[in-house]
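Single-structure report; data block below.
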There are 2 protein chains.
Amino acid sequence: MDAAGAKSIFFNYVKKKGLRNTRQREVILAKFLAAEKHITAEDLHNILKKTNPDIGYATVHRNLKLMCDSGLAEEIKIGGKKARYEQKFGHEHHDHLICLKCGRFTEVKDDRIERLQDELARAKGFSPQRHKLEIYGLCRKCG
Amino acid sequence: MDAAGAKSIFFNYVKKKGLRNTRQREVILAKFLAAEKHITAEDLHNILKKTNPDIGYATVHRNLKLMCDSGLAEEIKIGGKKARYEQKFGHEHHDHLICLKCGRFTEVKDDRIERLQDELARAKGFSPQRHKLEIYGLCRKCG
DNA sequence: TTTAGTGCAAAGGCTTTGCAGATGT
DNA sequence: ACATCTGCAAAGCCTTTGCACTAAA
């Protein structure tokens, strides 16, 4: 699915909720979709300031939260540092390899692990809904 | 290993680092070891206040950090909320099932998952050191 | 007696909220 | 019109730090 698709998902959600389609909301969404994978609210705000210096930090936060509610974005916090936001749409679930030296993330996924996680949870009488797997270590460059 | 063993690990570390063995340090450690598995700094501070009302919050934080450095404790942050501290000692690595309704944690572990994680990382040229797996869903009671 | 440790309060770092004015619908 | 949205600044929340004093070694 392309950015236009994501846009319509988001604005359908907004409409359904009786919320409004503002100039800021539109540009925040557009820049978010065009941005790198794991962006912070601050980074996004900085990008926005170039073209829309009037947009406030709070508005960026409010809209990122709304994007998460709509299912378009997901908040991830790594190491208790500031939140990062990831596009979920057209972007299937994955886990992260996080380099302890350079801090870069790599996305990975393994169906066998996914399946085992599910089994493991169910074996404990738990109904899994989602999960987060982060593997910390050294990447190829830093190792 | 018992609490006495944990204590000596910690104070050996403290000594080796040229640090000191204070009254506060001793009681913070003792209460931490006696406390529930995933305690927050605030909870620990509250417990301490009962017997040692003079101990400050900052001191609790400072000592929890020291316990982490010594390898005795581990800081875990779940959902970006306040940090929780876990006893690592005599307590092998495990993952967490986290109930979205009641918030309770359950510890789980599966060697097959551990192995696959390792393989997966290495296949990407990554040298894994540690990882964190959190599975969110509903526990038996809340499901 | 020297240097780490402590308690307090203040400062940080990030996120959230209150408010008055602006703006979609 | 009227409720949502926005920008600003202030407040929150938790953690960390600066400082003068206390206390290990």
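Here is the naming used below: chain letters follow the sequence lines, and residue numbers restart at 1 for every chain.
For the atom pair A:Y136 OH and B:R130 CZ, the distance stands at 6.0 Å (nearest 0.5 Å). In this structure, B:D111 CG and A:L116 CG are separated by 11.0 Å, a value rounded to the nearest 0.5 Å.
Residues A:H38 and A:E107 have side chains that bring a donor and an acceptor to within less than 3.5 angstrom of each other. Between the side chains of A:H96 and A:E134, not a single donor N or O lies within less than 3.5 Å of an accepting N or O. For the residue pair A:H93 and A:E74, no side-chain donor N or O sits within less than 3.5 Å of a side-chain acceptor on the partner.
Protein atom CD of A:E42 is 16 Å distant from nucleotide atom C1' of C:dT16, rounded to whole Å. What separates CD1 of A:I76 from P of C:dT15 is a distance of 13 Å, to the nearest Å. One interatomic measurement links the two molecules: CZ of B:F11 to P of C:dG5, which rounds to 11 Å at whole-angstrom precision. Residue B:H61 contributes atom NE2, which lies 15 Å from atom C1' of C:dT6 at whole-angstrom precision. Straight-line distance from the CG atom of A:L66 to the P atom of D:dT4: 13 Å, rounded to whole Å. With rounding to whole Å, A:K82 atom NZ is found 13 Å from C:dG12 atom C1'. As rounded to whole Å, 13 Å separates atom C1' of D:dA24 from atom NZ of B:K15. Between B:N63 atom CG and D:dT16 atom C1' the separation is 14 Å, expressed in whole Å.
Only A:Y57, listed by number, bring a heavy atom of residues 44-57 of chain A to less than 4.0 angstrom from any atom of DNA chain C.
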| Test log, rule side-chain hydrogen bond (donor to acceptor under 3.5 Å, both in side chains), inputs A:H45 and A:H61 | CA-CA 9 Å; A:H45 188 219; A:H61 265 284; over 6 Å; no

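Tested against A:N63 for a side-chain hydrogen bond (donor to acceptor under 3.5 Å, both in side chains), the candidates A:Q24, A:R25, A:E26 yield a single pass: A:R25.
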| query | Which parts of nucleotides 17-25 of chain C does protein reach within less than 4.0 Å, heavy atoms only, written one letter per nucleotide 5' to 3' as B for base, S for sugar-phosphate only and - for none? | reply | BB----BBS

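Under a hydrophobic-cluster definition in which Ile, Leu, Val, Met, Phe, Trp and Tyr are linked whenever side-chain heavy atoms come within less than 4.5 Å, directly or via other members, B:I98 and A:I113 are assigned to different clusters.
With respect to the salt-bridge test (charged N to carboxylate O, under 4.0 angstrom), the residues A:R84 and A:E75 do not qualify.
Applying the 4.0 Å criterion to OP1 and OP2 of C:dT6, one finds that B:R25 has a side-chain N or O inside that range.
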